Each structure stands twice: as structure tokens, then as C-alpha cells.
Amino acid sequence: MKILVLYYSMYGHVHRMAEAVAEGVKEVKGVEAVLRRAPETLPAEVLGKMGALEAQKGMAHVPICTVEELASADAVIFGTPTRFGNMCGQMRQFLDATGGLWARGALVGKVGSVFTSSATQHGGQESTILSFHITLLHHGMVLVGLPYSFQGQTRIDEITGGSPYGASTIAGGKGERTPSENELAAARFQGKHVATIAAKLV
Ligand SMILES: Cc1cc2nc3c(=O)[nH]c(=O)nc-3n(C[C@H](O)[C@H](O)[C@H](O)COP(=O)(O)O)c2cc1C
């Protein structure tokens, strides 16, 4: 079984979460995790102005996803930074190229799941994941989130991402925060949870 972890990350937070999701996937026997990035849509000049070039170098080893790789996966776990409470444009553009998959029902019945990152605590993590789900439902995917059996999402003794909709991290206004242990544990849990359910379906 092969589970695709497809993400876009500008400054590395979603990338780090994606690595943790993949670790969780691999905890399930016989399941392979494939890490892929959504294609960039911004010119290098703009990325430079946004201060993203260094972080981009750190992710360059992760191959860019093709649309057909979605079809060949047994499940797909999507990661995106929040952009005004929605998925980022890079992911949107990639998904908007999946009309052919939709036409042949290539993703119908496959598990789909979403994780995210935002600068601020209440900056739209839940709306990003829930609005992402709409696209997955149009593709006929079976939605999986982050159940409360991951109890780390109930913590109030420290700032943390994570909701029943999916794992998340809070990056800080300048991207100065890195995913906490609790947030990475949520990502691993989600990866393992998706792999466990997908294995039952497949
Ligand atoms: C155009 C734009 C819109 C953004 N919108 C939001 C937002 O609505 N709420 C928020 O908390 N952060 C917002 N952010 C911050 C990003 O979510 C943050 O940089 C990202 O989560 C970091 O993840 P990454 O390192 O994987 O790129 C925005 C950033 C950009 C560039």
C-alpha cells in the first residue's frame, strides 16, 4: 500500500509536519509513505521578496508531485499553509488540474485527510482544513481527521495546534516558531490513523 503525503510549504513548517505525518504512516506494517510537494507557482524573484528562498532549499530534495501520482496512491494526506483562512494558491492550482481524475472517478473511495499551519492561533486553521474537504468530497474521497483519541489536542497548558479536523502548527507572525512536540505527535497520529483506515478499505 502506498500513501501519498502531498504538501506545499513556503517557510518549512508544513514540510516538517509532512515529515511527521509520513513517519506515522510508516508505523503501519506494509504501508509506504511517499512525500511530494505541490508545484511552485511564484517566480523566484517573488519568493526572494517573501524571504522564502533559504527554506525552499531545505525542501528541494522532495520531488514535485504529478497529477497521476494522486490516482496511483491508496490514500492522500494533504498539507497546506493557511492563506486568508483557505488553502494556498499553489495547492489550489494543483488541484484545479485534477479535472481529468475527477472525470474518471480516480479518487472515489480513497481516504483523504488534511493538515495545516497558520501564523496565528486563530488565523483560520479549521476553516482551511474544512474548506479543503469540499474539494476532496467532490472527488468522492472518504474524509479522515484527527480523532480525540489523540488527546494532545485537548492540552491547554501550552500553545498548540491540532483539532478534530486535522493536525496543525502555529508558525508565528514571522515564522519564528517551529512545530512543537505535541503538534508533531498529532501529525504522526494522523498519518498512522489514515494508514490504518486505508488498509482496512483497500
Ligand atoms: C498571503 C498570505 C496569507 C496568509 N494568511 C494567513 C491567515 O489567514 N492566517 C494566519 O494565521 N496566517 C496566514 N498566513 C501565514 C501563513 O499561514 C504561514 O506563513 C504559514 O503557515 C507557514 O507555513 P510554511 O512555513 O509551511 O509556509 C498567510 C501568509 C501569506 C503569505
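Numbering of ligands and ligand atoms starts at 1, following listing order. Sequence positions, counted from 1, serve as the residue numbers for this chain. The structure displayed is predicted, hence computed values, not measured ones.
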* Asked: Any side-chain donor-acceptor pair under 3.5 Å between Thr82 and Thr128?
  -> yes
* **Basic-acidic side-chain contact under 4.0 Å: Glu19, Arg16** => yes
* Are any of the N or O atoms of His13 closer than 3.5 Å to those of ligand 1? -> yes
* Asked: Hey, are Thr41 and Gln93 close enough side-chain-wise for a donor-acceptor pair under 3.5 Å?
  -> no
* For Arg104 and Glu68, what are the C-alpha separation, side-chain angles and deciding distance, and is it a salt bridge (Lys or Arg N to Asp or Glu O under 4.0 Å)? -> CA-CA 12 Å; Arg104 63 179 213 258; Glu68 278 308 316; 3.0 Å; yes
* Sub-3.5 Å N/O-N/O distance, Ser9 and ligand 1 -> yes
* Asked: At what distance is the nearest protein heavy atom to atom 12 (N) of ligand 1, and which residue and atom is it?
  -> Ala119 N, 3.1 Å
* Is Gly124 close to ligand 1, meaning an N/O of one under 3.5 Å from an N/O of the other? -> no
* Checking side-chain contact (heavy atoms from CB on, under 4.5 Å) against Ser9, which of Met17, Gln56, Met59 comes through? -> Met59
* Using a distance-only test with no angle check, is there a side-chain donor-acceptor pair under 3.5 angstrom linking His139 and Thr98? -> yes
* State the atoms of ligand 1, each with its element, that fall below the 4.0 Å cut-off from a heavy-atom position in Thr120. => 11 (O)
* Is Lys2 salt-bridged to Glu32, cutoff N-O under 4.0 Å? -> no
* Asked: Quick one: do Arg177 and Glu183 make a salt bridge, cutoff under 4.0 Å?
  -> yes
* Asked: Against heavy atoms of Gly85, which atoms of ligand 1 measure under 4.0 Å?
  -> 8 (O)
* Asked: Would you say Pro81 and ligand 1 have an N/O pair spaced under 3.5 Å apart?
  -> no
* Structure fact -> Closest to atom 23 (O) of ligand 1 by heavy-atom distance, out of Gly175, Gly79, Ser117, is Ser117
* Mark up the atoms of ligand 1 that fall under 4.0 Å of a heavy atom belonging to Met10, in ascending order. => 24 (P), 26 (O), 27 (O)
* Protein contact of atom 13 (C) of ligand 1 - nearest heavy atom, named by residue and atom, plus distance -> Thr82 O, 3.6 Å
* Looking only at N/O atoms, are Val14 and ligand 1 under 3.5 Å apart anywhere? -> yes
* So which of Arg83, Met17, Arg16, His15 gets nearest to atom 1 (C) of ligand 1, if we judge by its closest heavy atom? -> Arg83
* To do: Side-chain contact test, heavy atoms from C-beta onward, threshold under 4.5 Å: evaluate it for Val111 versus Met141 and give yes or no.
  => no
* Asked: Can you find an N or O of Met50 that's nearer than 3.5 Å to an N or O of ligand 1?
  -> no
* Would you mind checking which non-hydrogen protein atom is closest to atom 5 (N) of ligand 1, with the distance to 0.1 Å? => Phe84 N, 2.8 Å
* Asked: Can you get from Leu6 to Val34 by hopping between Ile, Leu, Val, Met, Phe, Trp and Tyr side chains that sit under 4.5 Å apart?
  -> yes
* Protein residue, atom and distance nearest to atom 9 (N) of ligand 1, heavy-atom basis -> Gly123 O, 2.7 Å
